[in-house]
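First up is the structure itself, then whatever we jot down about it.
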Amino acid sequence: MIDPHFYTMRSPISLADLAIELGVSLPVEGAGDEIIDVPSALHDSLPGSITFFSDKRRKTQLTTAKATACLTTEKLLPHVTKTGMIGLITDNPRAVFARLSGKMVSIGASKPRGAAVDETADIHPSVVIGENVRIGAGTRIGANCVIDDGVIIGENCIIEPLVRVSFTEIGNACHIKSGAVIGGTGFGMAEDGEGIFSVPHLGRVILENAVHVGSNSCIDRGQLGDTILSDDVKIDNLVQIGHNVRIGEGTMIAGHAGISGSCIIGKKCLFGGRASLADHIVVGDGAIVAAAAGVMADIPAGQMYSGIPAMPIREHMRNVATLKKLSKPK
């Protein structure tokens, strides 16, 4: 969902005009009159939207895709056609979609929610507060923070000095320590004939209740859709949470950890210091990721993984023991 409290959509456009604007092929006859009004992520796309499919490894997302149109390659077009979506053919679907998203959506509220700062909130005089911000009762915000337009902060939160919050909704009893940046753009890049460019980020960050965010940690907003930290998630200092990550309630992540974009982490998981996840990884409920592990494949619920690349800890320890034996002088 593209939240109208933060973004504005341009006028809807016919598929025929869109194909001409993008310089892509529309192979389905009679489809030009279809109307497109919003860009959307593939897996949760709805009628009236346009999305893209450029990686066969993500074909499971096609099962829930309901977009009217989908940018794809000629080779991948049969996968798209089977879903009922109208395929638009291009050599570089991701880059074309990224350029299109930036044209279809602009930053700035189309439906401002209205400002509401509770009289019991304790806000330092140096805090910069944008338009249409809502701050709940008993919340404290320290010196030199920036709370950008449209942000919601719940009750009894603590936001320490030098924090920036944008494109974000924060629940109750959250604690954000100094230097954190929440709601910035993620490290999403695309490349076309004009060069390498940043992919537009048109989502939000959602912090539910009692979330703790450590000093100098960064939580990026979603590209399309939201980055979500559920109730009681605890993030240490110097942690990076990428765009569209979802973290289940009660999960704890130690310092210097890095979570790449679109990862899904279950409930009550534990991450040691410097643990890192590649993009689109799924970590099951109750899993443990040991310190400095480099995770490149999904982790089942309740398992403990360690090493680089990460593997079940017993397997890793056996490998380490074998290497020690091999390295002993004879």
Open item on the list: Taking transitive links into account, so neighbours of neighbours count too, which hydrophobic residues share a cluster with Ile196 at under 4.5 Å side-chain distance?
Closed with: Phe187, Met189

Task: Donor-acceptor under 3.5 Å (Asp226 side chain, Ile228 main chain) - done: no

Open item on the list: Main chain of Ile135, side chain of Thr139: is a donor-acceptor contact present, judged purely on distance under 3.5 Å?
Closed with: no

TODO: Please answer whether the main-chain N or O of Gly302 pairs with a side-chain N or O of Asp285 as donor and acceptor at a distance below 3.5 Å.
DONE: no

TODO: Decide, yes or no, whether a salt bridge links Arg113 with Glu131 under the criterion of side-chain N to carboxylate O below 4.0 Å.
DONE: no

Task: salt bridge (Lys or Arg N to Asp or Glu O under 4.0 Å) assessment of Asp220 paired with Arg204 - done: CA-CA 8 Å; Asp220 299 334; Arg204 305 172 296 177; over 6 Å; no

Open item on the list: Could you go through Val127 and Asn144, starting from their C-alpha distance and side-chain angles, then the distance that decides it, and tell me whether this counts as side chain to side chain contact (heavy atoms under 4.5 Å, CB included)?
Closed with: CA-CA 5 Å; Val127 174; Asn144 299 309; over 6 Å; no

Open item on the list: Any donor-acceptor pair under 3.5 Å linking the side-chain atoms of Thr322 with those of Asn319?
Closed with: no

- [ ] Rounded to the nearest 0.5 Å, what's the gap from CD1 on Ile176 to OG1 on Thr168? Could you check?
- [x] 8.0 Å

Open item on the list: How long is the straight-line distance from CZ of Phe97 back to CG of Leu22, given to the nearest 0.5 Å?
Closed with: 10.5 Å

TODO: Report yes or no: does Ser45 contribute a side-chain atom to a donor-acceptor pair with the main-chain N or O of Lys66 at less than 3.5 Å?
DONE: yes

Open item on the list: Would the distance check show the side chain of Ser40 and the main-chain N or O of Ser49 forming a donor-acceptor pair, the cut-off being under 3.5 Å?
Closed with: no

Open item on the list: Quick check against the 3.5 Å criterion: does Thr83 have a side-chain atom that pairs as donor or acceptor with the backbone of Thr81?
Closed with: no

Task: salt bridge (Lys or Arg N to Asp or Glu O under 4.0 Å) between Glu208 and Arg246, intermediate numbers included - done: CA-CA 11 Å; Glu208 296 186 350; Arg246 299 193 174 201; over 6 Å; no

Task: Non-hydrogen side-chain atoms of Ile86 and Glu34 separated by less than 4.5 Å - done: yes

- [ ] Can you measure from CD1 (Ile107) to OG1 (Thr8) and round to the nearest 0.5 angstrom?
- [x] 10.0 Å

TODO: Could you tell me whether a side-chain N or O of Arg274 sits under 3.5 Å from a main-chain N or O of Ala292, the two making a donor and an acceptor?
DONE: no

Open item on the list: For the backbone of Ile241 and the side chain of Thr227, can you confirm whether one donor and one acceptor N or O come within less than 3.5 Å of each other?
Closed with: no

Task: Connected via hydrophobic side-chain network under 4.5 Å: Phe271 and Ile288 - done: no

- [ ] Carefully, step by step, assess His79 and Phe53 under the rule side chain to side chain contact (heavy atoms under 4.5 Å, CB included).
- [x] CA-CA 9 Å; His79 296 284; Phe53 176 59; 3.9 Å; yes

Task: Interatomic spacing from OG1 in Thr64 to CG in Leu62 - rounded to 0.5 Å - done: 8.0 Å

- [ ] Identify the two heavy atoms, one from Pro112 and one from Asn132, that lie closest to each other, and give their separation to 0.1 Å.
- [x] CB-ND2, 3.3 Å

TODO: Answer yes or no: does atom NZ of Lys234 have more than 12 heavy-atom neighbours from other residues, nucleotides or ligands under 6.0 Å?
DONE: yes

Open item on the list: Do Val24 and Val96 have side chains that approach each other closer than 4.5 Å (heavy atoms only, starting at C-beta)?
Closed with: yes

Task: Closest non-hydrogen atom pair between Thr60 and Thr63, with its separation - done: O-OG1, 2.7 Å

Open item on the list: For Leu207, run the side-chain contact (heavy atoms from CB on, under 4.5 Å) check against Ile152, Val233, Val165, Ile219 and tell me which one passes.
Closed with: Ile219

Open item on the list: Could you check whether any side-chain heavy atom of Thr90 comes within less than 4.5 Å of a side-chain heavy atom of Thr73, counting everything from C-beta outward?
Closed with: no

Open item on the list: Arg99 vs Asp192, test: side chain to side chain contact (heavy atoms under 4.5 Å, CB included). Steps then yes/no.
Closed with: CA-CA 10 Å; Arg99 296 284 191 194; Asp192 59 14; 2.9 Å; yes

Task: Option from Ile265, Val245, Ile264, Val282 for which side-chain contact (heavy atoms from CB on, under 4.5 Å) with Leu277 holds - done: Ile265

Open item on the list: Counting only heavy atoms from other residues, nucleotides and ligands, does the tally under 6.0 Å from CD of Glu74 exceed 12?
Closed with: no

Open item on the list: Just verifying a value: how many Å separate Ser106 OG and Phe6 CZ, rounded to the nearest 0.5 Å?
Closed with: 14.5 Å

TODO: Check whether more than 12 heavy atoms from other residues, nucleotides or ligands sit under 6.0 Å from atom CG of Asp55, and answer yes or no.
DONE: yes

- [ ] Say whether Val283 and Val211 are linked into one hydrophobic cluster, either directly or through other cluster members, by side-chain heavy-atom distances under 4.5 angstrom.
- [x] yes

Task: Within-4.5 Å side-chain heavy-atom neighbours: Thr185 and Arg221 - done: yes

Open item on the list: Would the distance check show the side chain of Ser217 and the main-chain N or O of Leu238 forming a donor-acceptor pair, the cut-off being under 3.5 Å?
Closed with: yes

Open item on the list: With a 3.5 Å distance limit and no angle check, can you tell me whether Thr51 reaches the backbone of Pro39 through a side-chain donor-acceptor pair?
Closed with: no

- [ ] Find out whether Ile89 and Pro27 are in side-chain contact, i.e. whether some heavy atom of one side chain is under 4.5 Å from a heavy atom of the other.
- [x] yes

Open item on the list: Checking side-chain polar atoms at under 3.5 Å, does Glu160 have a donor or acceptor matched by the opposite partner on His175?
Closed with: yes

TODO: With side chain to side chain contact (heavy atoms under 4.5 Å, CB included) as the test, would you mind laying out the steps for Arg58 and Gln61 before giving the verdict?
DONE: CA-CA 6 Å; Arg58 311 287 177 235; Gln61 296 183 14; 4.0 Å; yes

Open item on the list: Nearest 0.5 Å, please: how far is NE2 in His212 from CG in Asp232?
Closed with: 12.5 Å

Task: Pair Ser306, His316: side-chain N/O donor-acceptor within cut-off below 3.5 Å - done: yes

TODO: For the residue pair Asp118 and Thr120, confirm or rule out a side-chain donor-acceptor distance under 3.5 Å.
DONE: yes

- [ ] Work out which heavy atom in Tyr7 is nearest to a heavy atom in Ile2; give both atom names and the distance.
- [x] CB-CG2, 3.6 Å

- [ ] Would you indicate whether Met304, at its atom CE, is surrounded by more than 12 heavy atoms from other residues, nucleotides or ligands within a distance under 6.0 Å?
- [x] yes

